[in-house]
Amino acid sequence: MNTTYSFQIYNSASLLPTEWNSLSTQNIFLTREYLEVLEKSSPVNMACHFIGIFKYEKLVGIALTQFIFAEKLESFGERDQCLKTSVRNFAFKNFASHVLFVGNNMLTGQNAFSFSNEVNEAKVIKTLHKAINELKKDFKAKGRKVHITSIKDFTEKEIEPLKTEFKNNFTFSTQPNMVFNINSDWKTEQDYIEALSKKYRDQYKRARKKSEGIEKQKMSLEDITKHEDVIYDLYFHVAKNAPFNTFFLAKNHFRVFKEIMKEDFLFYGYFLDEKLIGFNTLIKNGSVMDTYFLGYDESIQRDKMLYLNMLYDMIAYSINQGFKEIIFARTALEIKSSVGAKPVKMYGLITHSNALINKNIGRLFDYLEPKTDWKERNPFK
């Protein structure tokens, strides 16, 4: 028995050890503050737990889990109304409606855990494995059996030590993370525009011309609170039309986020004739800018090329503020590629509680993860 390492599971950010944030310096999404946002405004069908890993008495590892239960979800995405969707929804409800994510299902990238440099990596990962099994036992005791356990999102190199510990897991790869690297020579938006080839400079000019008449405004906590209903409708419209959804944000999510994270969370509203017609959000994560949720009025989006303009705005802001890269995450891969983001392949591990299903998990996974065909663009000279 390895007595050196132990773990503790917390169900509230207020209970975390005082030194928790000393292990989250590299990642805002593991800080006590962000975890408090999750706790106070997580989706209705999500329960979050936080794991502390100790070497003797000292905190040496922190991790986030999200348990997602589909019973409270009305829609798994309404875009593809066909047989495959109904089969997928049936499979989802019956074999995959209780999913335990080690990591953050609302973001893209390695936001699952952080370990101190001085630990034995294999032993910490083994302790994490024990904590996950303990959590599953707790859920089962409460009448919620975990069907699927998934550890996500890692680069090829990051996932290797996990594969060694979680042996009977299937390694999967989902849609890539779209990452925009900011050239260190660029100081203004103009530098970016000049780096584009003629075709994509023309795309930029056309989009900017189309957006005439739209006012962009940085919104304060007070503004977000005032427009909460409209914000939620705009968000919900976009989320509902995604090919596949496992959660919907709580109505108060953006307000709580702004309340707790303050200037690390940016909310931009887009107004036409003084009416809010779209918004996007950004999160400052050290030298990295993470794009977060957005919403828009579809009828105006098309005509005004609003989504593309939002991408340009995010790039401009990040360059001006001296960030090194932008995480554009998944979805809308081609349009993100057209502004200069590059795909980074991400991997995860998945296992099913039913041995027979686990043997065929690869096939089940193909049903649950919609395939996307897209063409990579290269907009630079």
Side-chain angles (χ1 to χ4, degrees), residues 27 29-30 38 43 45-51 61-70 76-77 88 91-92 95-115 121-122 124-133 135-136 139 146-179 242-247 290 327-331 333 342-354 357-372 374:
N27 190 348
F29 299 116
L30 288 169
L38 273 190
N45 63 318
M46 181 187 284
C48 297
H49 287 84
F50 319 121
I51 299 168
I62 57 177
L64 163 69
T65 69
Q66 293 179 334
F67 177 65
I68 291 188
F69 42 100
F76 298 131
R88 192 166 77 215
F92 191 80
F95 308 111
S97 64
H98 289 172
V99 184
L100 180 66
F101 284 102
V102 181
N104 194 325
N105 196 37
M106 300 159 75
L107 300 161
T108 305
Q110 202 294 71
N111 300 301
F113 52 69
S114 169
F115 305 144
E121 188 177 49
V124 176
I125 290 172
K126 192 177 270 311
T127 311
L128 177 64
H129 196 169
K130 287 179 185 161
I132 294 165
N133 288 338
L135 199 50
K136 289 202 241 186
F139 280 122
V146 174
H147 297 140
I148 284 178
T149 308
S150 174
I151 310 176
K152 63 178 285 285
D153 275 322
F154 303 90
T155 59
E156 204 167 358
K157 186 168 167 259
E158 288 168 342
I159 201 156
E160 282 312 313
L162 292 164
K163 277 160 93 169
T164 312
E165 170 63 33
F166 294 86
K167 289 184 180 61
N168 66 341
N169 281 241
F170 170 74
T171 304
F172 66 88
S173 179
T174 52
Q175 289 185 11
N177 186 6
M178 297 302 285
V179 178
F244 193 52
N245 258 317
T246 51
F247 66 86
D290 268 81
I327 304 294
F328 275 126
R330 302 196 170 97
T331 71
L333 308 176
K342 291 261 173 248
V344 176
K345 217 164 161 51
M346 300 307 274
Y347 297 88
L349 297 171
I350 189 170
T351 177
H352 200 286
S353 57
N354 176 310
I357 295 178
N358 200 43
K359 259 182 137 145
N360 298 291
I361 189 93
R363 280 157 67 191
L364 175 70
F365 184 82
D366 285 341
Y367 255 126
L368 296 180
E369 176 68 26
K371 288 274 173 285
T372 40
W374 68 288

Checking side-chain contact (heavy atoms from CB on, under 4.5 Å) for the pair Gln66/Leu38: CA distance, chi angles, key distance, verdict? CA-CA 10 Å; Gln66 293 179 334; Leu38 273 190; 3.7 Å; yes
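- For the pairing with Thr149, the side-chain contact (heavy atoms from CB on, under 4.5 Å) check across Asn169, Val99, Thr65, Ile132 returns one residue only, Ile132.
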Let's go through Asp153 and Arg330 carefully: what are the C-alpha distance in whole Å and the side-chain angles of both, what is the deciding distance for side-chain contact (heavy atoms from CB on, under 4.5 Å) to 0.1 Å, and is it a yes or a no? CA-CA 11 Å; Asp153 275 322; Arg330 302 196 170 97; 2.7 Å; yes
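- The two residues Met178 and Pro343 make their nearest non-hydrogen contact at SD-CA, 3.7 Å.
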For residues 106-113, which side-chain donor-acceptor pairs fall under 3.5 Å, sequence neighbours excluded?
unit_1	atom_1	unit_2	atom_2	d
Gln110	OE1	Ala112	N	2.7
Gln110	OE1	Phe113	N	3.2
Gln110	NE2	Phe113	O	3.0
Asn111	OD1	Asn27	ND2	2.9
Asn111	ND2	Gly109	O	3.4

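- From Glu121, atom CD reaches atom CG of Leu128 across 11.0 Å, with rounding to the nearest 0.5 Å.
- A pairwise comparison of heavy atoms in Leu349 and Phe166 identifies CD1-CB, 4.0 Å as the closest pair.
- Put simply, OG1 on Thr174 and NZ on Lys345 are 8.5 Å apart, with the number rounded to the nearest 0.5 Å.
- Note that the OG atom of Ser173 and the CD1 atom of Ile159 stand 9.0 Å from one another [nearest 0.5 Å].
- By the 4.5 Å heavy-atom criterion applied to side chains, Lys136 and Asn133 are counted as neighbours.
- Scanning both residues, Glu158 and Pro161, for their nearest heavy atoms gives O-CD, 3.5 Å.
- Using a distance-only test at 3.5 Å, with no hydrogens or angles considered, no donor-acceptor pair links the side chain of Asn360 to the main chain of Arg363.
- Rounding to the nearest 0.5 angstrom, the gap separating the NE2 atom in His98 from the CG atom in Asn45 is 10.0 Å.
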Derivation and outcome, side-chain contact (heavy atoms from CB on, under 4.5 Å), residues Lys152 and Asn105: CA-CA 8 Å; Lys152 63 178 285 285; Asn105 196 37; 4.1 Å; yes
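- Heavy-atom minimum distance, Phe247 versus Pro43: CD1-CG, 3.6 Å.
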Could you walk me through whether Leu64 and Phe101 pass the side-chain contact (heavy atoms from CB on, under 4.5 Å) test, one step at a time? CA-CA 8 Å; Leu64 163 69; Phe101 284 102; over 6 Å; no
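- Annotation: the span from Ile148 atom CD1 to Ile68 atom CD1 amounts to 11.5 Å, rounded to 0.5 Å.
- In this structure, Ile361 CD1 and Thr351 OG1 are separated by 6.5 Å, a value rounded to the nearest 0.5 Å.
- Phe67 and Phe139 have parallel rings, their planes meeting at less than 30° on a 0 to 90° scale where 60° marks the start of perpendicular.
- Minimum heavy-atom separation, Phe69 to Ala47: CE2-N, 4.2 Å.
- In this structure Glu156 satisfies the side chain to side chain donor-acceptor pair (under 3.5 Å) test with no other residue, sequence neighbours excluded.
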